Structures are given as structure tokens and as C-alpha cells.
Number of protein chains: 2
Amino acid sequence: MELTTAEENYLKAIYHLSEEGKKSVSTNDIAAAIQTKPASVSDMLRKLGEKEVIQYRKYYGLQITELGKRLALQTIRKHRLWEVFLVDKLHFAWDEVHEVAEQLEHIQSPLLIERLDAYLNYPKFDPHGDPIPDEYGDVRSRPRIALNEMNIDQGGQIVAVKDSSAAFLRYLDKVGAYIGARIKVLDKVEFDGSVEILVDQKKTLFMSKDVASNILVLQS
Amino acid sequence: MELTTAEENYLKAIYHLSEEGKKSVSTNDIAAAIQTKPASVSDMLRKLGEKEVIQYRKYYGLQITELGKRLALQTIRKHRLWEVFLVDKLHFAWDEVHEVAEQLEHIQSPLLIERLDAYLNYPKFDPHGDPIPDEYGDVRSRPRIALNEMNIDQGGQIVAVKDSSAAFLRYLDKVGAYIGARIKVLDKVEFDGSVEILVDQKKTLFMSKDVASNILVLQS
DNA sequence: ATTAAAAACTAGGCTAAACTAAATAATGGT
DNA sequence: ACCATTATTTAGTTTAGCCTAGTTTTTAAT
Ligand SMILES: [Mn+2]
Ligand SMILES: [Mn+2]
Ligand SMILES: [Mn+2]
Ligand SMILES: [Mn+2]
């Protein structure tokens with residue numbers, strides 16, 4: 001089954017929204033996610049329903065099918081492998097890769113992805129800490145907790161970010177938070193939910209709840 | 001100025017046809033080159049004329065403009081750099097790269113190409129021996145002669161192939177002709193134009209005029 | 001239970017890129 | 001100079017993907 005670039009982008013968005021725990025994915029959510037109008041989404045949902053990558057009932061929700069999940073994960077796999085390539089090999093900064101990967105993920109060539117994967121040494125995570133599905137769509141996910149939900153004195157390692165926007169990533173670069181950093185929660189402010197953490201046993205950092213909620217930690 | 005993928009493909013075909021010495025490029029030639037119908041070509045020529053990448057007069061020929069040449073060379077540059085990447089880094093065979101490069105050449109990211117070029121060590125030629133234009137569209141071309149036009153006892157080095165089809169390239173692999181090989185013309189058959197050559201001072205090869213005409217040699 | 005607001009969908013229109021069939025222009029041979 | 005052939009363009013459709021405006025359905029509040 002063949003998906004167009006637009007269909008792949010929609011399906012990927014639907015998959016991500018589905019994974020976010022929500023009961024069902026709304027037309028408006030999708031429109032917001034891919035910067036399009038709800039009317040266009042309705043159109044596309046009908047088409048995706050016909051292709052059986054989602055199960056769609058007008059006015060009620062939609063559900064991604066097993067087929068849809070598999071295809072979405074293939075696109076996500078490609079996206080993340082390309083991100084690794086851009087950072088590891090071409091020395092892109094982690095905040096520069098998203099738009100390019102958004103294009104590269106649609107290149108059609110199974111051989112290309114197979115070889116790229118090997119060339120990158122079968123990476124398990126992308127530059128933002130997100131897991132790279134294998135060729136069958138299996139994802140090895142680690143138990144992660146948002147930094148703002150940790151308690152004082154708890155420690156761990158930063159393993160991913162929830163927000164991959166350039167603005168957020170550059171902020172993290174600036175303050176010296178990076179994936180792999182060992183951290184410990186020194187203090188939490190009840191009032192606004194902001195936290196103080198110790199990074200690599202050297203440096204202390206204050207961050208707002210908003211920032212902390214976008215940092216994912218593997219507890220130790 | 002922004003070109004769509006289709007426009008880039010047309011312009012590239014027009015550029016290549018223009019370079020082939022022909023006085024002017026015909027609608028039918030373009031249609032044949034990109035596997036489409038003449039009616040579709042007429043449509044596109046009007047659009048390309050409006051964008052001033054070609055100069056177009058209905059029923060008479062067309063001529064690529066300086067702007068058009070520059071844009072075409074940019075696409076060609078990307079195509080050939082990606083081919084080098086696929087062969088040098090991902091170990092594609094030289095007959096496997098064309099279709100994938102045909103897609104990759106349309107990825108929009110100046111930074112990506114700049115970095116890719118550096119990563120590949122600023123290659124001057126692609127896997128088929130074709131020169132890679134620099135970022136300003138300048139091409140350093142070598143004087144090349146088709147193998148079938150060489151005389152007995154003349155020698156040189158295979159530097160490129162005219163036909164990059166998988167069938168032709170695999171045939172060359174099979175008989176042991178490759179880019180960089182040192183050759184000498186041992187014999188030419190008047191009747192059918194076929195030639196006998198010595199490869200790397202070791203091996204003799206017979207080939208038809210058709211094959212020889214698609215092999216380009218740097219004479220020494 | 002009604003009704004106002006929000007969400008979602010339909011209708012109709014636009015553009016890009018392709019096609020087939022029909023019309024028109026250029027050309028080459030007598 | 002004419003005519004037949006060939007090349008090219010135009011006209012009219014189609015499909016994908018998007019949009020705005022208007023309609024319908026759901027939902028949430030009274
Ligand atoms: Mn994309
Ligand atoms: Mn990522
Ligand atoms: Mn192409
Ligand atoms: Mn090539």
C-alpha cells in the first residue's frame with residue numbers, strides 16, 4: 001500500500017496524538033498539529049479511512065488501525081534515523097534537524113533505510129532521546145518520568161525531551177542541560193512548580209515547571 | 001525563486017538536452033526524456049516561461065536562461081552529491097543510485113548540501129564520472145572522447161559513462177570496465193564499428209560500437 | 001428538555017500536474 | 001505553391017490537497 005507524502009504526515013500526526021494517552025483524536029487536534037484547517041482534515045480522514053489505516057466514523061472519533069500504526073512507525077523510524085545522520089555525521093545541532101528530517105522521511109527506498117541504519121550503527125534513540133522503531137515497527141521504550149514530577153533528592157539521567165522546537169532546544173543548550181546528563185532534584189517550589197536541579201554533580205540549575213515538564217528522566 | 005519538484009525535473013531535463021549540442025530542444029524530446037506526454041510539456045513550458053527560467057515562443061523552440069541554467073545546475077549538483085554519498089558511504093552499487101538520487105535532489109536545505117559536500121570531501125565527480133557543479137553552478141569539465149571515436153593504438157582512462165541505466169552499468173561491471181581504468185584501443189572493426197581494447201594492460205575486451213559510444217575517455 | 005456554543009462535516013472553488021482528443025501551425029516533398 | 005505529415009498547442013477532464021463559507025451534529029449549560 002502506497003501513501004502520499006501528505007497522507008504520511010497526517011498518519012504520523014494521528015499516531016503521535018493517539019500515543020499521548022488521549023481517549024480519541026479530534027479533527028481540531030490534527031489540524032493544529034499539522035498546521036492545516038479542520039475542513040482539510042475531514043477530507044483526509046475520509047481518504048485514510050478508505051485506505052484502512054484508520055477506522056473513521058463521521059462526527060465520532062477515529063482510531064488508528066494496526067496497519068496504520070505499522071506505516072506510521074515506518075515513517076517515524078525514517079525520520080529519526082535521518083535525524084541521527086544529520087547530527088552524528090553532518091554535525092547539525094539538535095535544534096536544526098527537524099525540518100530537514102520532515103522532508104527526508106518521505107524518500108521511498110527500503111534499501112536506503114536499511115543501509116543508513118547500518119551506517120549509523122543501528123542507533124536506538126534519536127538526538128532528542130526518542131526511540132527508533134525497528135524495521136518491523138517495534139519500539140523499545142524506557143520508563144521515563146517528567147522532571148517536574150520527580151521529588152526532592154531523587155536522581156536520574158536526562159534521556160529525552162518532549163518538545164523538540166528549536167527555541168526549547170537552544171535554551172537547554174544555553175543552560176547546559178543535555179541528553180545523558182545526570183541530575184538530581186535539589187528543591188521544588190510549591191507555589192509555581194519550578195525546580196532546582198544539580199547537573200553532573202557540578203552545576204545547579206533553576207527551571208520553570210513548564211521547562212521541567214518537557215524534560216524526561218530515567219530514574220535511578 | 002521557488003521551483004516545485006516537477007519544475008525542477010523539467011528544467012533539469014531541458015538543461016541536459018540543451019547541453020547535448022542540439023540547436024534547440026523540442027517538446028517531444030522533453031516528453032521522451034521525462035516520460036510524459038507532449039501536451040503536458042506544452043503546459044509546463046508556458047509556466048517555466050513565466051518564471052523566466054526559459055525563454056519560450058510557442059511553436060518555435062525554447063532556450064534556457066541564465067537563471068534557468070543556474071537553478072538546473074543546483075539540482076544537478078544535489079543529485080550528484082547524493083549519488084556520491086550513496087556509493088561512498090552507504091555502499092550502493094553505481095547502478096542502484098539513480099532513482100533514489102532523483103528523489104533526494106529535491107530536498108530543500110542549503111545547509112544540508114553544504115554539509116554533505118564537506119562530509120564527502122568536496123568530490124569533483126559523481127560515480128558515473130559526471131562533474132559536480134560547485135555551489136555557484138560552475139562546472140570544471142574535462143575534455144572527453146567517446147571510446148568508439150578513438151583510433152587504434154590510442155590510449156587513455158575511462159572517466160565517465162554517457163548512459164547511466166542499470167542495465168548498461170551492470171554490463172560494464174560484468175566485463176570489468178570501470179571508471180578509472182586505463183585502456184588502449186587494440187583494434188577497430190570497420191564493418192560494425194565494434195572495438196577491441198586492452199584494460200589495465202592485462203585484459204582484452206570486445207565491445208559493440210553502441211557500448212563504446214557510451215564510454216567516455218580522457219586521452220593520454 | 002431546550003438551547004447556545006463548539007466541533008465536525010459538506011459544498012464549492014482553486015492550483016498543480018497529469019491525461020486524451022481535437023485543433024492548429026510548421027515543414028518537407030513534389 | 002500546395003498538400004500531407006509531423007510537431008505542437010489548446011480544450012476539456014481528472015486527482016490530490018488545500019481553502020472559505022455554510023450546514024449539520026454533538027456537547028454542555030441552563
Ligand atoms: Mn514530513
Ligand atoms: Mn526527533
Ligand atoms: Mn528528480
Ligand atoms: Mn550520475
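Per chain, numbering begins at 1; letters A, B, ... match sequence-line order. Note that the structure is a prediction, hence the values are computed from the model and not measured.
Contact of the A:Lys209 side chain with the A:Asp192 side chain is not registered, since no non-hydrogen atoms from C-beta on lie closer than 4.5 Å. Contact check for A:Val195 versus A:Val211: no side-chain heavy atoms found under the 4.5 Å cut-off.
Between the CG atom of B:Leu45 and the P atom of D:dT9 there is a distance of 6 Å, given to the nearest Å. Summarising the geometry, the separation between CG on A:Asp29 and P on C:dA7 is reported as 10 Å, rounded to the nearest angstrom. Rounded to whole Å, the distance from NZ on A:Lys51 to P on D:dT15 is 13 Å. The interatomic distance linking A:Met44 (CE) with C:dA8 (P) rounds to 17 Å, in whole Å. Taking atom NZ of residue B:Lys37 and atom P of nucleotide D:dA7, one finds them 14 Å apart after rounding to whole Å. In this entry the distance linking CG of B:Leu48 with P of C:dA16 reads 12 Å, nearest Å. Rounded to whole angstrom, the span from the CG atom of A:Asp43 across to the P atom of C:dT10 amounts to 9 Å. We find that CD of B:Glu50 is positioned 15 Å from C1' of C:dA17, with the value rounded to whole Å.
For B:Ala39, whose side chain is taken as the heavy atoms from C-beta onward, the closest listed nucleotide among C:dT20, C:dT10, D:dT24 is C:dT20. Closest contact between the side chain of B:Tyr10 and the listed nucleotides C:dA18, D:dC18, C:dC9 involves C:dA18. Of the candidates D:dT8, C:dC19, D:dC18, the closest approach to any side-chain atom of B:Ser26 belongs to D:dT8. The B:Tyr59 side chain lies nearest to C:dA25 when the options are C:dC9, C:dA25, C:dA18. Closest approach to the A:Tyr56 side chain among D:dT8, C:dC9, D:dT26 is made by C:dC9 (side chain taken as heavy atoms from C-beta onward). The listed nucleotides are C:dA8, D:dT26, D:dG17; the one nearest the side chain of A:Tyr60 is D:dT26.
At D:dG17, one or more side-chain N or O atoms of A:Lys47 fall inside 4.0 Å of OP1 or OP2 (strictly under the cut-off). Between A:Ser40 and D:dC19 there is a side-chain polar atom (N or O) within less than 4.0 angstrom of OP1 or OP2. Between B:Asn28 and D:dT6 there is no side-chain N or O to OP1 or OP2 distance below 4.0 Å. Distances shown here put every side-chain N or O of B:Thr27 at or beyond 4.0 Å from the OP1 or OP2 atom of D:dA7. At C:dC19, one or more side-chain N or O atoms of B:Thr36 fall inside 4.0 Å of OP1 or OP2 (strictly under the cut-off).
In this structure, A:Lys89 forms a cation-pi arrangement with A:Tyr119, its terminal cationic atom sitting closer than 6.0 Å to the ring centre and no more than 45° off the ring axis.
Using a 3.5 Å distance cut-off with no hydrogens or angles, the side chains of B:Glu102 and B:His98 do pair a donor with an acceptor.
Across the interface with DNA chain D, nearest-nucleotide mapping of A:Ile34 and A:Lys58 shows A:Ile34 to be the residue nearer the 5′ end.
With respect to B:Lys69 and B:Glu66, a salt bridge is recorded, a charged nitrogen being found less than 4.0 Å from a carboxylate O. The residues A:Glu8 and A:Lys12 are annotated as not salt-bridged, no charged nitrogen and carboxylate oxygen being separated by less than 4.0 angstrom. By the 4.0 Å N-to-carboxylate-O rule, B:Glu50 lies too far from B:Lys47 to be salt-bridged with it.
In this structure, the separation between CD on B:Glu99 and CG on A:Leu112 is 12.5 Å, given to the nearest 0.5 Å.
B:Pro38 comes within 4.0 angstrom of a base, heavy atoms only. Across all strands, A:Ser42 comes closer than 4.0 Å to base atoms (heavy-atom distances). Residue A:Ala6 is classed as a sugar-phosphate contact, given heavy-atom separations below 4.0 Å to backbone atoms only.
Relative to the axis of its first five pairs, the axis of the last five pairs of the helix from C:dA1-D:dT30 to C:dT30-D:dA1 sits at 10°, rounded to 10 degrees.
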